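These numbers come from a predicted model, not from an experiment. This chain uses plain numbering: 1 for the first residue, then up along the sequence.
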Amino acid sequence: MSIGLTFTGRIDSPQALLEAARALAEQQDYRLGAGEAGLRVVMCPLAGEMNVFWRPEGEGNGPWLVRGECVSTPAGAGLHRAAIELLDGLPIRALAVEDETGFFRHRDFRRMKEEHFYPWLRTLVDVCRQESGKGAVGMRLCWDLEQYTPEDIPDTVVTPVGRFRLSELVHLLDEEGIEALAGRFFLWNGRTRDAGFFRNRAINALWEVCCFAPSHRSGEDAAINAAILDDLERAARMDPGLPLPRRAYQEVCALDGREPALPEGPELEEEFSPGYRKGFVTHALGALRLTLPGTYLYSWERWDNGGGTHLWSGGEDTAVWRVNAYRAREGNARFTDHLNTLHGVEGRELKGGALRWGWREIREEGEILYQAQCEVIAGPELYFLTATCSDPIDLGQVAGFMGRISVVSRTVRKENIQAR
């Protein structure tokens, strides 16, 4: 269930289209990426992007056919309007747009919100209304299934703009109205990038992306912390009366080493303090579920031989985790003999699989390190995990994380995706 648009048309050349898109992106402060067969303009978070693809209409170098799309939810009606206006500025001939909201034709922003985006949001709240008070767990609205899963708190729902009591969303709709709820739930609910846009963009980053780690830990932390502070300060300048997450702002200022600059104003009241990554989060790699502190940063570590591994690290004095996945050519995977030489090898059955792990001393650059190694089998899949630390005391914490590893069956994974 989503709202969006698709389009087709013709262009004289990919280069002309790319130059026009680049000029528009610079003018609107969007991000632009391009490849041999298409381009992407990123207008806001929450998948707020337009994708355009091209191919020759016949043999040779043209003319060229183009097609594209933009999904406007959950970002909001402001994204839908921005996507249409971006299309207006691109040199696409014979442009045919399939816009379920009708906005491409009538350009009535209020009508589009009331006839499409508000009913869409009411439907989500109706789902919350049905589950409220039942102790529901694992509820996520508009959550990207490819990223981590936050910790469960019964009778709450995880969204990109914060954790809410199910009853809270129902109350917002019933008592304060759909406009107030939309202003809090949609990242881009207004016609333009107004104060609400910059506040909600900061709120999304606080909840979903920010590790609440010092900016000096990494360039990623520094960029995220600075963007949050810049957005909140800009929102305050644009609308001094807009409620802001001021306590979280103060917290990030301290992490960034920035002197607070928000003028006096109202606090955005939230029952839960922003930051899914302040707690533990669960990462999905195929059937494997690995739970680690949310402060850990993810990267893909490339090897010299062309391969690589999934890597999580929390900085100094924390274990570095690496995960690789393999698949049996026939039948189910089996444990290897590799772990037989390790210390303290132990195993346990998992629902849908099994696990074995142990530890050993290794030497890297003249330093003695302690590395836990683990194999997890789930049907035909074999996962190999390592957790490397500098102090043997840290192996106790590693053992705790090993104890939280789980696997899911193909059937369960399919049901989860269909349910969302």
Tell me if a side-chain donor or acceptor on [X] pairs with a main-chain N or O of [Y] at a distance below 3.5 Å.
X	Y	answer
Arg277	Gly294	yes
Arg165	Asp155	no
Asn200	Phe186	yes
Trp143	Tyr148	yes
Arg322	Phe384	no
Trp188	Phe198	no
Asn324	Gly308	yes
Asp108	Arg111	yes

What's the separation between atom [atom1] in [X] and atom [atom2] in [Y], rounded to the nearest 0.5 Å?
X	Y	atom1	atom2	result
Phe103	Phe117	CZ	CZ	10.0 Å
Phe212	Ile224	CZ	CD1	10.5 Å
His310	Leu288	NE2	CG	9.5 Å
Leu79	Thr73	CG	OG1	9.0 Å
Asn204	Arg199	CG	CZ	12.5 Å
Leu121	Ile178	CG	CD1	4.0 Å

field: salt bridge (Lys or Arg N to Asp or Glu O under 4.0 Å) between Arg93 and Asp12, worked out
entry: CA-CA 9 Å; Arg93 295 179 285 105; Asp12 292 330; 3.0 Å; yes
Residue among Tyr298, Trp321, Tyr296, Phe401 satisfying ring pair (Phe, Tyr, Trp, His ring centres under 6.0 Å) with Trp312: Tyr298
task: May I have the step-by-step check of side-chain hydrogen bond (donor to acceptor under 3.5 Å, both in side chains) for Glu100 and His116, ending in yes or no?
output: CA-CA 9 Å; Glu100 61 190 276; His116 295 275; 5.4 Å; no
field: Sub-6.0 Å ring centroid separation between Trp207 and Phe272
entry: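 No: the rings miss the under 6.0 Å criterion.
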Any Lys/Arg nitrogen of [X] or [Y] sitting under 4.0 Å from an Asp/Glu carboxylate oxygen of the other?
X	Y	result
Arg258	Asp230	yes
Glu176	Arg184	no
Arg327	Glu381	yes
Asp88	Arg107	yes
Arg40	Glu49	yes
Glu316	Arg217	no
Arg22	Glu26	no
Arg67	Glu98	no
Arg247	Glu251	no
Arg234	Asp239	no

message: Test salt bridge (Lys or Arg N to Asp or Glu O under 4.0 Å) on Arg81 and Glu85; report intermediate values, then the result.
response: CA-CA 6 Å; Arg81 176 178 181 269; Glu85 294 183 349; 3.1 Å; yes
field: Heavy-atom neighbours of Arg31 CZ exceed 12 at 6.0 Å
entry: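 Atom CZ in Arg31 is not packed in, count stays at 12 or less.
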- request: Look at atom CG of Asn305 and say whether more than 12 heavy atoms of other residues, nucleotides or ligands are closer to it than 6.0 Å.
  value: yes
Flag for [Y]-[X]: side-chain donor and acceptor within less than 3.5 Å:
X	Y	value
Ser273	Lys278	yes
Thr388	Gln371	yes
Ser167	Ser132	no
His338	Gln373	yes
Glu375	Thr336	yes
Asp99	Thr101	yes
Asp221	Ser218	yes
Glu151	Tyr276	no

message: salt bridge (Lys or Arg N to Asp or Glu O under 4.0 Å), that's the test. Do Asp152 and Arg163 meet it? Break it down for me.
response: CA-CA 10 Å; Asp152 278 333; Arg163 185 189 294 275; 5.8 Å; no
- prompt: Does the cation-pi check pass for Arg122 over Tyr118, that is, NZ or CZ under 6.0 Å from the six-membered ring centre and within 45° of its axis?
  reply: no
message: Using the rule given for salt bridge (Lys or Arg N to Asp or Glu O under 4.0 Å), can you reason through Glu179 versus Arg110, listing the C-alpha separation, both sets of side-chain angles and the distance that settles it, and then say yes or no?
response: CA-CA 11 Å; Glu179 185 69 33; Arg110 167 59 60 178; 3.2 Å; yes
